[in-house]
Amino acid sequence: MSRHLLSVDSLTRDHVDHLMRLAARMEPIAQRRQVTRVLEGAVLGNLFFEASTRTRVSFNAAFCRLGGSVCDTTGFTFSSMAKGESLYDTSRVMSGYCDAIVMRHPDQGSVAEFAAAINVPVINGGDGPGEHPSQALLDLYTIDKEFARLGKRLAGAHVLMTGDLKYGRTVHSLIKLLSLHDPMRITLVSPPGLEMPSHLVDLVASRGHRVEQRDSLASDFSDLDVVYTTRIQKERFTEEMSESFAGISEEFVVNRAFLDQRCSDTTIVLHPLPRDSRPGANDLDVDLNGDPRLAIFRQTDNGIPVRMAIFASLLEVDELIEQELGPVRWFVPKRLGVDDREL
Ligand code: NCD
């Protein structure tokens, strides 16, 4: 694996399999049944120049659960970039303070530019509409785990991606990651103007997958294994687009009726979150809350073992994990959410 994690492009199938196995080994720690101090003394720099809750906090928590400490900075306002500092300078400065850096930035390519200046591992936590590789890894880990429970296989699976496929960086990384696997069927449904970039569609098709683009959810999805739905990334629209975009229509909403009428009992629903729950946003419907097919909170929980695996691999402590385990001494509830189901 390369020094940094900037794009799924740097991962081979072997790297991905290794990270998935490593994440599974992190589960006892992530589920707060055991503790490790394997990264004791290490410091993570979390640099977030765009809004974030789960990515920032889960990277932070994952590093802490490995025994490390975290320095956090959010927004441009309180960073030296507001004084005109270049990515190069900020990068070199941060490498003197931290052993790993996670960065989120509104410009595509900016995290790679930042990483090019240093040898300390950098993880892309989202670069504008570019990529979000750690999210794709946790999405894949979730699919693998859910499929194991349901007795399904990824090879030959049918995956639907819907919502903003143009600006949604999570689907850009995920479609590349899925394409490293045995052929499957991928259906893409987006509102007009928000289609998946054609170079990604072509890449996935060239790797032997069956890719189909549709403009509506109103068809038979009874063989569907996964629906991955995303938020409309309005913050990335040009002024012209914002003016012409009347909002996402109700036809694109993934809700209980869609799942009951068009999908099956074993179709799982994923979303990178946040979902926009404001009236008229027509994002993933809350009427699926409590439905076992809704895997979104199992998906967010999986962010911890997967991000721990990424750190352990980049900082080369993956072989030390089992040697370091100790007992948990504090109270941990059996079920985290009141709506969580025993599956
Ligand atoms: C996404 C992101 O920031 O790309 N969220 C996340 O990291 N889980 C998706 C989004 O903002 O819609």
Side-chain angles (χ1 to χ4, degrees), residues 5-8 23 46-63 72 74-76 101-112 122-143 161-177 188-191 194-197 200 226-237 241-242 245 247-248 252-254 269-278 280-286 294-308 310:
L5 178 59
L6 302 172
S7 157
V8 170
N46 238 352
L47 294 181
F48 277 71
F49 299 109
E50 257 194 348
S52 174
T53 304
R54 74 222 79 235
T55 305
R56 187 169 56 84
V57 176
S58 67
F59 267 121
N60 192 323
F63 206 80
D72 230 335
T74 43
F76 286 102
I101 296 168
V102 179
M103 185 176 180
R104 170 171 287 189
H105 192 284
D107 298 337
Q108 187 162 353
S110 55
V111 183
V122 176
I123 300 169
N124 179 3
D127 60 328
E131 277 211 45
H132 196 348
S134 68
Q135 178 70 43
L137 287 163
L138 80 87
D139 295 336
L140 176 67
Y141 185 73
T142 304
I143 295 171
M161 293 185 183
T162 175
D164 188 344
L165 306 182
K166 178 177 173 138
Y167 295 110
R169 54 195 170 200
T170 67
V171 280
H172 299 166
S173 290
L174 182 60
I175 201 165
K176 283 187 193 173
L177 194 60
L188 305 170
V189 175
S190 51
L194 297 179
E195 290 85 6
M196 180 71 77
L200 290 173
V226 180
V227 45
Y228 190 100
T229 180
T230 61
R231 181 180 67 85
I232 303 299
Q233 313 277 299
K234 280 204 191 114
E235 68 275 26
R236 308 209 188 283
F237 284 13
M241 280 187 78
S242 305
F245 188 72
I248 180 166
F252 292 100
V253 176
V254 171
V269 180
L270 302 181
H271 189 304
L273 299 184
R275 57 177 153 176
D276 189 341
S277 298
R278 290 170 290 195
N282 288 333
D283 204 334
L284 173 62
D285 204 309
V286 291
L294 187 75
I296 57 174
F297 299 117
R298 300 193 289 277
Q299 184 184 5
T300 52
D301 289 348
N302 289 334
I304 299 291
V306 170
R307 291 184 165 124
M308 289 173 75
I310 294 169

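In each ligand, atom 1 is the first atom listed, and ligand 1 is the first ligand listed. Only heavy atoms go into these numbers, but all of them, side chains included; no hydrogens, no water, no symmetry mates.
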Problem set entry | Side-chain H-bond candidate by donor/acceptor type, Glu131 with Asn124, under 3.5 Å | no
Problem set entry | Asp127-Ser110 side chain donor-acceptor pair, cut-off 3.5 Å | no
Is there a polar contact, in the sense of an N or O pair closer than 3.5 Å, between [X] and ligand 1?
X      : value
Arg54  : no
Leu273 : yes
Gln233 : yes

Exercise. Aromatic rings Phe49 and His105: how do their planes relate, parallel, tilted or perpendicular, breaks at 30° and 60°?
Worked result: perpendicular
Problem set entry | Ring-face cation contact, Phe59 with Arg307, 6.0 Å cut, 45° max | yes
Problem set entry | Option with minimal heavy-atom separation from atom 3 (O) of ligand 1, where the choices are Lys234, Arg169, His132 | Arg169
Problem set entry | Distance from atom 11 (O) of ligand 1 to nearest protein heavy atom, with residue and atom | Arg231 NH2, 3.0 Å
For this session: Using a strict 4.0 Å cut-off to heavy atoms of Thr170, name the atoms of ligand 1 that fall inside it.
Result: 1 (C), 4 (O)
Problem set entry | Per-residue contact class, Glu50 against ligand 1 - non-hydrogen pairs under 4.0 Å | neither
Exercise. Could Arg236 and Glu50 be called an ion pair, given the rule that one side-chain N must be under 4.0 Å from one carboxylate O?
Worked result: yes
For this session: Identify the two heavy atoms, one from His172 and one from Met196, that lie closest to each other, and give their separation to 0.1 Å.
Result: CD2-SD, 3.8 Å
